[in-house]
Novice: 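Before anything else, here's the structure in question.
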Amino acid sequence: MFGFTALGVLLAMALVLVRGLAGPTVYDRILAVNAFGTLTVLLIAVHGFLSGRPDFLDIALVYTLINFIALIAVTKFAKFAHLGGPFEQRSWSDV
Amino acid sequence: MDFPGLFNYWIVIALMMIGFYIVISQGNLVKKIFGLNIFQVSVFVFYISMGKVEGGTAPILAPGFATYTNPIPSVLILTAIVVGVATMAVGLALVVRIRDAFGSIEDDEIAKLEGDVT
Amino acid sequence: MINISLLMIMVATALGLVWLRNLLAVVMFSGIFSLTAASLWVVLGAVDVAFTEASVGAGIATVLGLASLALTRTEHEKRTRVFHLPALIVVLVTGAALIYGTLDMPGWGDPDAPIHTHVAPRYIEDSLAETGVPNIVTSVLASYRGFDTLGETTVIFTAGVGVLVLLGRGRRYPVANPRVAAGGGPGRAPAAPGSEGAAVPGDSGEMRFKAILRVGGKLLIPPILLFAFYTQAHGELGPGGGFQAGVIFASAFILYALLFGVPMARAVAPASVLRGTLALGVLIYAGVGIAGVLLGGNYLDYSVLAHDPVHGQELGIILIELGVGITVASAMMTVFFVFAGQDPQQVD
Amino acid sequence: MISVHQPILQIVLPLMAAPICVILRNAFAGWLLALLVTGGAFVASLILLVHVVNEGPVSYAIGGWPPPWGIEYRVDGLSAFVLVTVAAIGFLSMIFARRSVEAEVAADRGYLFYTMYLLCFTGLMGIPVTGDAFNLFVFLEISSLSSYVLISLGTDRRALTAAFRYLIMGTLGATFYVLGIGLLYMVTGTLNIADLAARVPEMTHIRTVQMALAFLTVGLGLKLALFPLHLWLPNAYAFAPTVVTVFLAATATKVAVYALIRIAYTMFGGPTMFAVMPIDEVLVGFGLLSMIVGALAAVWQTNVKRLLAFSSISQIGYMVLGLGLADVTGLAGAVVHIFNHAMIKAILFMAVGCIIFRIGSADLRDIRGFAKPMPITAACVVVGGLSLVGAPLTLGFITKWLLLQGALDRNWWWVAVVIVAASLLALVYVWRLIAAAYLHPPSERVAAVREAPAPMLLALVALTVATVVIAIDGSLIGDFAVVTAKQLLGSGE
Amino acid sequence: MVAVLLDGLSWLCLVAGVLAALIGGIGLLRLPDVFSRMHAAGLIDTLAAGLIIVGLVLQSPSWTVAVKLILIIVFILFTSPTATHALARAALHGRVLPWLGDRSSPSEGAPSSKA
């Protein structure tokens with residue numbers, strides 16, 4: 001049962017990857033990456049049950065968070081072409 | 001029903017060679033850095049796949065499990081991943097500085113610009 | 001069967017990378033590659049490594065890649081050389097040598113390969129008795145091969161300081177080498193950091209873009225930080241530990257910086273504090289080793305830290321994981337703030 | 001009388017000094033800390049060398065776990081010898097460093113420079129003493145990462161591209177090294193060098209072991225700039241800040257040569273492996289190519305630093321040649337040249353540093369006639385140049401003598417001919433340097449110049465005197481190298 | 001009896017979830033432009049993820065696992081719509097016009113608008 005689900009999710013991942021590679025506009029690619037991330041989370045959760053060690057779901061949780069943060073960064077880059085702003089008039093020194 | 005024999009290693013070697021090819025052939029500096037990342041991640045996949053034991057579960061002791069996959073490749077790769085990210089961070093910082101100094105991040109353009117200022 | 005298909009997806013992604021001209025796509029697909037590699041490692045049983053690779057490879061590497069693309073203002077590679085003969089020859093020769101090398105290798109996953117019979121069994125059997133930590137990877141990482149991890153923490157410390165040296169915004173006093181201290185990173189047309197007049201394009205679009213996200217962010221950041229502390233403490237029992245916790249802790253601040261801007265994030269985590277914690281983590285780790293020496297054991301020998309050796313090992317492992325977490329978190333934050341904090345308007 | 005913990009504290013103290021230097025956030029304090037730490041490390045390494053020569057190899061189990069399970073520090077004759085070289089050059093560069101860094105690195109990055117220097121010093125000190133193959137990779141990476149950043153601090157914008165190319169080739173080399181260690185780990189199951197030395201020699205027929213040696217050699221070949229893989233070195237040494245060039249030119253490649261010796265002879269058992277897989281002929285071939293190509297390229301250089309950088313490639317060819325000869329005298333030549341070349345290159349680059357500090361340019365035409373206003377520096381250049389060529393009564397001669405003997409023992413007379421030819425080529429480019437110093441009248445800018453500031457000159461003169469003193473009684477180093485070579489070839493212990 | 005019911009129900013959820021994922025994947029491939037593809041991507045994020053995780057919750061051996069699963073689905077349901085919203089605004093800002101279809105002749109395969 002879990003095996004079937006895992007294979008199904010893998011097939012969906014392949015489909016999403018094709019859209020990612022082919023995607024004409026950058027927004028298609030961002031969509032593909034978002035869907036790919038969610039499907040990976042599902043794959044890890046299903047595999048946890050498949051291998052009989054369901055207590056590894058922290059990894060799936062981390063994937064969700066990282067997927068969200070990477071997505072916000074990509075979208076912000078697609079829209080504003082920089083990640084730092086908004087820059088109020090405040091200067092600082094790093095060194 | 002894992003495919004026995006060395007077929008898995010050959011795919012991993014193919015991955016390594018794709019990464020290695022990207023590093024050598026591509027002219028864009030950012031693409032070189034990410035090609036290097038691909039090459040390193042494939043070497044790590046090679047390490048972890050040699051630690052896998054048939055039917056062994058993750059190396060965290062739990063009741064009811066006897067065989068465990070080998071923990072040592074995981075330890076080595078934890079170190080190597082951090083080294084990879086550290087190199088990537090310094091590499092990307094250098095790319096930004098090169099862009100400021102030379103105005104381009106293409107290998108051939110920079111080589112031309114480098115030549116004239118002797 | 002799953003790992004074969006995951007490997008196939010990875011090969012497809014890697015081949016895609018060779019053809020993609022759009023650098024943003026290259027960065028995103030490198031993120032997908034790391035994510036698939038991490039899930040492959042979960043399938044192969046290396047959970048800690050999957051944890052780290054996902055948070056570092058898919059998270060930090062993608063964000064750093066984007067920040068560097070923003071700073072170099074390049075979207076597309078000039079022309080992609082798909083076919084490059086000399087490189088192809090070198091790659092084929094190396095690949096052939098590797099495949100020739102695999103001919104005598106033990107098969108995939110057979111239990112009596114040398115690496116499972118020579119050194120590994122002692123770790124699996126005795127690590128619980130000797131270090132009291134069920135997660136064998138954490139016990140080997142922190143105690144048996146603890147010096148490797150000290151070296152590794154030093155490497156991430158080097159990267160943090162290295163990025164500071166390369167791109168850090170300079171201080172505001174006259175210096176011998178004007179090029180470097182010009183502010184906004186050396187070699188840049190000087191928007192003098194001291195002057196308040198640095199015109200800043202905070203157009204209204206940016207505010208509206210953030211309205212929904214800011215509310216979402218405010219709700220999301222506390223759970224992420226809580227999850228980071230859970231990962232730090234949970235390192236002994238399940239997958240987790242210093243690196244993973246440090247990266248998740250830093251990603252919470254990176255999310256804050258993405259939504260509220262680097263100046264706000266800098267107010268929360270100023271450069272001086274980050275430099276201090278960057279150094280503090282390494283000193284904690286090395287200091288635990290020195291404490292071991294002072295108490296009569298060898299360097300990094302935790303069994304002398306407490307009355308009972310096993311308690312000592314647990315105490316030692318928790319302390320150095322803390323040191324690692326602090327250094328990794330501050331290194332990742334420093335790197336992102338320095339990358340994203342560059343002045344957006346650079347005169348070419 | 002050394003304390004049991006000396007091998008480990010020697011590495012950990014510089015490692016802890018780096019974060020302290022970040023907290024100090026002051027360039028002078030950073031320099032002072034670096035000076036004290038490198039000085040302490042130098043004295044400690046001397047004591048360790050004496051102890052190891054008298055009482056034999058020292059072994060230290062880190063974390064209290066016995067060797068194959070925990071990481072072990074194993075210091076034998078060769079390790080202590082390389083350790084002393086690195087510590088000596090590190091200490092003297094720090095005496096030299098202060099004024100030179102102030103002139104070339106921005107003031108607000110001064111303390112970060114010393115942090116990076118301490119990390120590079122830690123990495124290079126950690127490699128010779130470690131007894132664990134993967135730990136060697138970690139310290140190799142610490143030293144490489146910090147040297148990329150140090151090189152990029154050069155004032156010329158081409159330092160950035162040089163640092164980037166060095167990063168790409170260095171990381172490829174390190175990844176090849178990890179791949180080689182992975183192949184080796186797969187068939188032996190252990191990472192400890194002593195344990196590998198016991199298990200690998202009887203496995204030489206396994207193809208995985210042969211490929212492991214190939215990948216390790218290529219990986220380290222990239223690190224020590226062997227002929228086809230040397231493209232990153234000239235620009236890296238030419239455009240880096242002077243102190244960085246002095247320290248890296250004298251130590252980084254030498255430590256990589258040490259690692260190659262340790263792998264080829266201790267881990268793979270030297271001749272037993274060469275019988276199955278002719279790596280030694282390959283190394284001899286590339287060594288000779290390095291010698292000739294390096295020297296030829298050096299002759300046409302106008303920038304003094306690039307001239308010396310190409311001469312470094314040629315001298316590394318000598319070491320790899322000695323390593324490939326695989327007999328006692330040849331290997332002894334390689335071992336002794338690690339120290340000799342470190343001292344000679346440190347002298348020459350320090351002298352060039354003094355010239356650049358005063359005259360401001362590294363171009364042979366601009367610095368013509370610097371002997372008149374800077375006699376001491378010019379004298380040191382002469383001593384360094386003669387040792388580079390291998391004239392009698394100099395350090396270089398000891399190496400050349402041992403290498404020639406090694407080549408003739410294997411009755412490869414043509415190798416001996418190439419060694420002499422390379423030395424003659426070296427004479428050509430050294431002569432260009434000395435001629436520029438003495439035979440040309442100084443331009444007015446050069447004439448108006450004074451000697452370099454006291455500390456820079458002190459470091460230079462100390463090195464030169466040390467070179468001359470050691471060279472006069474050549475047997476001190478020569479016999480030590482022969483004993484070490486016998487150990488490496490004999491039981492590989 | 002309860003076990004059989006639970007197994008049957010979770011098996012049903014899992015199959016439905018996989019179908020939803022496949023439909024989402026195919027939708028992502030065949031739909032003509034970015035905004036319509038967002039529906040397909042949304043389908044994967046919400047329906048497929050929800051069904052599969054509900055299927056897993058029914059099978060989970062202990063409470064901690066169930067709580068973790070619920071936490072995961074809450075996070076997914078919380079972050080995906082926000083991210084897709086941000087993406088839609090970015091696409092509009094990037095002047096990507098939704099494909100309105102050619103009312104006059106139902107021509108197949110209308111050109112998808114390029115950024």
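As a basis for the values below, the full set of heavy atoms in this structure was taken, side chains included, without hydrogen atoms, waters or symmetry mates. Proteins get letters first, then strands, A, B, ... in listed order; numbering begins at 1 in each. This one's a predicted model, so the numbers in the text were calculated from it and none came from an experiment.
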Novice: Hey, are the side chains of C/Ile224 and A/Phe68 touching, using non-hydrogen atoms and a 4.5 Å cut-off?
Specialist: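 No; the side chains remain at least 4.5 Å from each other.
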Novice: Can you sort out the partners of A/Phe4 under ring pair (Phe, Tyr, Trp, His ring centres under 6.0 Å), two or more places apart, ordered by chain and number?
Specialist: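 Listed in chain order: nothing, the list is empty.
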Novice: Chain A heavy atoms under 4.5 Å from C/Leu24: which part of the residue, side chain, backbone, both or neither?
Specialist: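 Answer is side chain: those atoms of C/Leu24 sit under 4.5 Å from chain A.
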Novice: Let's test your reading of the structure: which of A/Ala32, A/Ala6, A/Gly37, A/Gly20 forms the most heavy-atom pairs below 4.5 Å with chain C?
Specialist: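 With the most close heavy-atom pairs to chain C, the winner is A/Gly20.
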Novice: For each of C/Val63, C/Leu6, C/Ile254, C/Thr231, tally heavy-atom pairs with chain A at distances under 4.5 Å, and name the one with the top tally.
Specialist: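 Heavy-atom pair counts peak at C/Leu6.
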Novice: Compare every heavy atom of A/Phe56 with every heavy atom of C/Val47, then report the nearest pair and how far apart it is.
Specialist: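 Minimum heavy-atom contact is CG1-CD1, 3.6 Å.
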Novice: For C/Ala265, is it the side chain, the backbone, both, or neither that has a heavy atom closer than 4.5 Å to a heavy atom of chain A?
Specialist: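 For C/Ala265, no heavy atom lies under 4.5 Å from chain A.
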Novice: Side chain, backbone, both or neither: which part of A/Leu11 has a non-hydrogen atom closer than 4.5 Å to chain C?
Specialist: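 Neither; nothing under 4.5 Å.
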Novice: Would you say C/Phe51 and A/Asp58 make side-chain contact, with heavy atoms under 4.5 Å?
Specialist: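 In contact.
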Novice: Would you say the side chain of A/Leu21 lies within less than 4.5 Å of the side chain of C/Phe29, judging by non-hydrogen atoms?
Specialist: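 Answer yes - side chains close enough.
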Novice: For the interface with chain A, which of C/Ser272, C/Gly238, C/Ser55, C/Gly217 has the highest count of heavy-atom pairs at distances below 4.5 Å?
Specialist: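 Heavy-atom pairs under 4.5 Å are most numerous for C/Ser55.
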Novice: Rounded at 0.5 Å granularity, tell me how far OH in C/Tyr230 sits from CG in A/Leu61.
Specialist: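 One gets 9.0 Å once the value is rounded to the nearest 0.5 Å.
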Novice: Working to the nearest 0.5 angstrom, can you tell me the gap between C/Ser5 OG and A/Leu7 CG?
Specialist: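 Reported value, rounded in 0.5 Å steps: 6.5 Å.
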Novice: Do the side chains of C/Thr62 and A/Ile66 get nearer than 4.5 Å, heavy atoms only?
Specialist: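 Result no, sub-4.5 Å side-chain heavy-atom pair not found.
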Novice: Let me know if C/Ile248 has heavy atoms under 4.5 Å from chain A in its side chain, its backbone, both or neither.
Specialist: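 Interface part for C/Ile248: side chain.
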Novice: If every non-hydrogen atom of A/Ala70 is compared with every non-hydrogen atom of C/Ala58, which pair is closest and at what distance?
Specialist: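 In terms of heavy atoms, the two residues are closest at CB-O, 4.1 Å.
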Novice: Nearest heavy-atom pair of C/Ile9 and A/Met13: which atoms, and what distance?
Specialist: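 The pair with the smallest heavy-atom distance is CD1-CB, 4.1 Å.
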Novice: Non-hydrogen atoms of chain A under 4.5 Å away: do they reach the side chain of C/Phe339, the backbone, both or neither?
Specialist: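 For C/Phe339, there is no contact with chain A at all, as no heavy atom is under 4.5 Å.
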Novice: Quick one: are A/Val62 and C/Gln244 in side-chain contact, heavy atoms under 4.5 Å?
Specialist: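 No, side chains not in contact.
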Novice: Starting at OG of A/Ser51, measure out to CD1 of C/Ile2 and round the result to the nearest 0.5 Å.
Specialist: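 Reported to 0.5 Å precision, the distance equals 9.0 Å.
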Novice: In the structure I gave you, are the side-chain heavy atoms of A/Phe77 and C/Leu258 within less than 4.5 Å of one another anywhere?
Specialist: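 A/Phe77 vs C/Leu258: side chains apart.
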Novice: Could you tell me the separation between the CG atom of C/Leu213 and the NZ atom of A/Lys76, rounded to the nearest 0.5 Å?
Specialist: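 That separation rounds to 10.0 Å.
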Novice: Is C/Ile60 close to chain A through its backbone or its side chain, or both, or neither, when contacts mean heavy atoms under 4.5 Å?
Specialist: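 It is neither, since no heavy atom gets under 4.5 Å.
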Novice: CG/C/Leu40 to OG1/A/Thr40 distance, rounded to the nearest 0.5 angstrom?
Specialist: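 Here the interatomic distance stands at 12.5 Å.
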Novice: Determine the option with the most heavy-atom pairs under 4.5 angstrom with chain A, choosing from C/Ser39, C/Gly59, C/Gly16.
Specialist: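 Answer, by heavy-atom pair count under 4.5 Å with chain A: C/Ser39.
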Novice: Is the shortest heavy-atom distance from the side chain of C/Asn22 to the side chain of A/Arg29 under 4.5 Å?
Specialist: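 Answer yes - side chains close enough.
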Novice: Look up atom OG1 in A/Thr64 and atom CZ in C/Phe227, then write down how far apart they are to the nearest 0.5 Å.
Specialist: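 Answer for the OG1-CZ pair, A/Thr64 versus C/Phe227, is 8.5 Å.
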Novice: Shortest non-hydrogen contact from C/Ala12 to A/Leu17?
Specialist: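 Distance-wise, the nearest heavy atoms are CB-CD2, 3.9 Å.
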Novice: Side chain from CB out, backbone as N, CA, C, O: work out which of these in A/Ile69 comes under 4.5 Å of a heavy atom of chain C, or both, or neither.
Specialist: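 Both backbone and side chain.
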